[in-house]
Structures are given as structure tokens and as C-alpha cells.
There are 2 protein chains.
Amino acid sequence: MGYRENPRPGGRSARVQVAVHQSVRDMLAAMDRADITIPLIAQRAKVTPSTIYRRWGGLQELLADVAASRLQPEGEPARIGSAREDLEAWAEQYADEMASGVGRQLLRDVLSAADCTNAEKCCTYTRTQLAVLIARAEKRGEPFPTEEELMDHVISPIIYRILFDRAPGPDHVRKLIAKVMPESVVKT
Amino acid sequence: MGYRENPRPGGRSARVQVAVHQSVRDMLAAMDRADITIPLIAQRAKVTPSTIYRRWGGLQELLADVAASRLQPEGEPARIGSAREDLEAWAEQYADEMASGVGRQLLRDVLSAADCTNAEKCCTYTRTQLAVLIARAEKRGEPFPTEEELMDHVISPIIYRILFDRAPGPDHVRKLIAKVMPESVVKT
DNA sequence: GCACAAAAGCAAATAATTTGCGTTAGTGAA
DNA sequence: TTCACTAACGCAAATTATTTGCTTTTGTGC
């Protein structure tokens with residue numbers, strides 16, 4: 001007897017998942033993180049604690065699961081103007097969201113789970129967003145960095161700073177982007 | 001009644017700290033991470049669980065504390081040849097250590113604590129190591145990246161990949177370094 | 001050596017986690 | 001529609017972790 005990875009939509013299992021996720025979100029917004037426990041989540045979700053333990057394993061895993069789903073982007077990057085402008089706007093918003101109290105916490109939750117599936121999910125979300133920007137640039141014939149360059153030199157510094165140091169400001173994000181834009185021959 | 005940040009060396013408090021840290025290290029090496037509990041650590045360290053709870057607060061904080069102390073570098077970066085060669089050797093070793101099973105776990109432990117002190121400590125350790133390399137280069141008059149450039153474009157990508165993606169290989173580390181070395185005029 | 005306080009020990013009380021077993025509710029075939 | 005099947009849930013007892021009040025120990029400064 002094991003648990004399905006993706007419960008069939010509409011089923012009881014899916015309803016439980018939604019209720020539990022929602023409870024966690026509400027509680028994260030309403031109370032101190034350290035006070036959140038599985039019995040409390042269960043109570044609010046009208047579910048037994050054992051259901052949560054069986055399904056997620058523990059608090060960290062549950063929080064990681066919720067965090068990953070909240071880190072999933074809602075739509076495509078906005079269209080502002082040139083590909084570069086689109087990238088700048090998107091990256092600044094990305095940095096802002098991740099650096100906020102909530103964002104920072106979501107990142108930690110995702111990373112502190114034993115299972116790295118959720119962390120990889122986040123990475124994939126980001127790559128997907130970047131791929132959209134890259135495709136746009138290509139379509140318009142504008143020079144643009146590769147996905148790898150963007151991950152290594154824009155995303156990575158933003159996230160590293162948020163996790164280990166101080167959050168980067170908007171000017172720093174633009175500086176990072178300037179460094180990887182191919183049209184400029186940079187003498188570093 | 002509060003606990004001192006830094007127990008006086010030689011005191012009882014310091015001995016307890018050493019014993020507990022040592023137990024945690026032993027256990028991390030010997031058994032599965034998920035099976036480590038505070039009562040077990042306490043037993044091995046010949047200490048009461050309540051001592052650990054009072055002093056560290058919980059398992060995550062304790063693990064973060066131990067992780068941070070293990071992430072502290074043992075000595076200066078090795079002297080290989082040119083400043084760039086020193087940097088390459090140091091960065092490759094850094095990437096290796098962080099990407100290993102143990103290193104990866106230490107990073108997660110440090111990040112998953114509620115308190116960000118330990119994460120910032122790690123960042124400081126790294127900066128200090130880089131500062132040594134920078135000072136060496138300056139002394140010899142060799143062109144060299146700034147600390148900020150190294151943090152953003154060498155350290156950050158390495159850590160991001162380890163945490164969210166796949167560990168970077170030695171060739172990729174060298175590529176990152178090539179990108180920030182100022183002697184080369186790079187057309188990206 | 002003595003008084004003081006920080007930190008440890010002990011044990012009872014509380015809270016979280018695990019587990020065995022019975023029940024319920026979707027699913028698919030007849 | 002009904003019926004059999006099974007994944008997932010609920011319940012409750014057993015276990016294990018955490019918190020807490022109080023006592024005792026041990027280093028420190030007088």
C-alpha cells in the first residue's frame with residue numbers, strides 16, 4: 001500500500017491535499033513559523049494527524065511541498081519592450097519576491113527537506129521562465145545570453161545572496177544582467 | 001538565566017559543547033541522518049536531553065551549529081603558482097567538498113535553521129579565503145577579480161547548482177573563473 | 001574557603017509521532 | 001446499477017520526543 005504521486009483530481013485524496021495545503025498557507029500567514037505543528041494543521045484541515053504523517057512523512061516535507069507549489073510562477077514573464085527589458089523586469093521581480101520574508105522562507109523550506117525533488121522543481125520553474133525570454137529574443141533576432149549563462153550569472157548570485165548574505169538591490173540585478181548581455185564586449 | 005554565546009574555554013559548558021558536537025559528527029558519519037534524534041545524541045555525549053534542548057533549542061539548530069563549525073576552512077588556500085592557479089585549485093576543491101554528500105548536507109543544515117547567523121558565518125568564511133587570494137594577487141601585481149565578482153560569478157553558481165541542480169564539474173568551475181579574470185577581454 | 005550564578009541533572013507533565021486495525025469512498029468490470 | 005477491489009482515511013493505543021519546575025553541581029571572583 002503506497003501513496004500515489006499525483007492523486008487523481010476530484011478524488012478524496014486530492015481534496016485532502018488541497019485542504020492541507022490551504023491550512024498551511026493560512027497558518028504561515030497568520031502565526032509564527034515555529035509554532036506550526038502537524039496536529040494544528042490537521043485540526044484546521046479537518047483531517048487526522050496520521051493522514052498527514054503517512055502522506056508527507058513530517059513537517060519539513062510538508063512545508064517543502066507547499067513551498068514548491070507556491071514558488072511555481074503564475075504566468076509568463078511580462079512583455080515590456082525589448083528582450084533585455086523583459087529580462088530586467090522579470091529578474092527584478094524575481095529577486096524581490098525571493099528576498100521578501102515569505103520568499104526567503106519558502107526557499108529554506110524547499111531546501112531543508114531530505115528529498116531534493118522540490119528544490120529541483122524550483123530550478124525547473126526558473127529555467128522554464130528563462131526559456132520563454134530566450135525564445136522571444138530569438139524570434140526577434142535580438143542577441144541574448146544562453147540559459148546556462150543566465151542561471152550561473154543572474155539567478156545564482158541573486159539566490160546565493162538571499163540565502164547567505166544580504167538581498168541584492170535592483171541596481172545590482174541590472175548590473176548582473178549587463179554582465180551577461182552578449183551585445184556588449186566587456187572588458188572586466 | 002541565559003546561556004553564554006561563547007562558553008569560557010576549559011569550563012564545564014565548553015566540555016559539554018565539545019562532547020555534543022563530537023557525538024553529532026560521529027553519528028552523522030555512522031548512521032542515517034533521519035534516525036538522529038536528540039535523546040540519542042544526548043546519550044552518546046553522556047548528557048541529558050534537556051541540556052541540549054535548553055542550549056540549542058532543537059535538532060535543527062544543533063545540526064546547523066555543528067555544520068557551520070565544520071564548514072569553517074582549516075587553513076589558507078594552498079600556494080600552487082600564479083594567483084589564478086591558486087584560485088582555480090582552491091575553487092575546485094571548494095566545489096568538490098561542497099558537492100560531496102557530506103558537504104551538501106552541511107549546507108542544508110546551515111540553511112534550514114530559523115536563525116540565519118550560521119549561514120552568514122559560512123559566507124564570511126568564504127569571503128575571508130577569497131580575501132587571502134586577492135591579497136596575494138595584489139602583492140604580486142597580478143590582475144585579479146574583486147571579491148564581489150568572485151562571490152557573484154564563481155561561488156554563487158557553484159552553490160546554486162549544488163543546492164538546486166546538479167553539482168558542477170571541474171571544467172565548469174574553470175570556465176566560471178575564466179569569465180571573471182580581468183586580463184582577458186571576453187566577448188560573451 | 002565562601003558566596004554567587006550559570007549551566008547541568010532529574011523526573012514529571014505535555015505534546016508529537018508511529019502503528020495496527022477497522023472503515024470509507026472512488027474505480028472499473030460485469 | 002451493482003459489486004468487488006483497494007488506496008487512502010479515521011481512530012486510538014503505544015511509543016518517543018519536548019518542555020518545564022526544581023535541585024544539584026561546578027566554575028568564578030572576592
Please report, rounded to the nearest Å, how far the [atom2] atom of [N] is from the [atom1] atom of [X].
{"X": "B:I38", "N": "C:dA16", "atom1": "CD1", "atom2": "P", "result": "16 Å"}
{"X": "A:R55", "N": "D:dC9", "atom1": "CZ", "atom2": "P", "result": "5 Å"}
{"X": "A:I41", "N": "C:dA15", "atom1": "CD1", "atom2": "C1'", "result": "15 Å"}
{"X": "B:Q43", "N": "C:dG9", "atom1": "CD", "atom2": "P", "result": "14 Å"}
{"X": "B:W56", "N": "D:dA17", "atom1": "CH2", "atom2": "C1'", "result": "18 Å"}
{"X": "B:I52", "N": "C:dC10", "atom1": "CD1", "atom2": "C1'", "result": "15 Å"}
{"X": "B:K46", "N": "C:dG9", "atom1": "NZ", "atom2": "P", "result": "12 Å"}

When you get a sec, tell me which of D:dA17, D:dA8, C:dA8 is the closest nucleotide to the side chain of B:P39?
D:dA17
Ignoring the backbone of B:T51, work out which of C:dG26, D:dC9, C:dG9 is nearest its side chain.
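Side chain of B:T51 sits closest to C:dG9.
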Donor-acceptor pair under 3.5 Å: do we get one between B:R12's side chain and the base of C:dA7?
yes
What pairs of residues pass the side-chain hydrogen bond (donor to acceptor under 3.5 Å, both in side chains) test when at least one of them lies in residues 156-167 of chain B, not counting sequence neighbours?
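The answer is A:R127-B:D165, A:D152-B:R161, B:R161-B:H172.
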State plainly whether the residues A:D65 and A:R55 are in salt-bridge range, i.e. N to O under 4.0 Å.
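Not counted as a salt bridge, because no side-chain N and carboxylate O are separated by less than 4.0 Å.
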Return no unless some side-chain N or O of A:R15 is found under 4.0 Å from OP1 or OP2 of C:dG26.
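A:R15 to C:dG26 OP1/OP2: side-chain N or O found under 4.0 Å.
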Can a side-chain donor-acceptor contact be found between A:E97 and A:S100 if the only test is distance below 3.5 angstrom?
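Note: A:S100 and A:E97 side chains miss the donor-acceptor criterion.
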Would you say the side chains of B:R54 and B:T48 form a donor-acceptor pair under 3.5 Å?
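No donor-acceptor contact under 3.5 Å links the two side chains.
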Do side-chain atoms of A:R70 reach the backbone of A:R25 as a donor and acceptor pair under 3.5 angstrom?
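The answer is no, because no donor-acceptor pair under 3.5 Å joins these two groups.
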Those residues at least two apart in sequence (or on a different chain) that pass side chain to side chain donor-acceptor pair (under 3.5 Å) with A:D115 are A:T117
Could you list, one pair per line, each protein nitrogen or oxygen that sits under 3.5 Å from a nitrogen or oxygen of nucleotides 11-13 of chain D, together with the distance?
residue : atom : partner : partner atom : Å
D:dC11  : N4   : A:S50   : OG           : 3.1

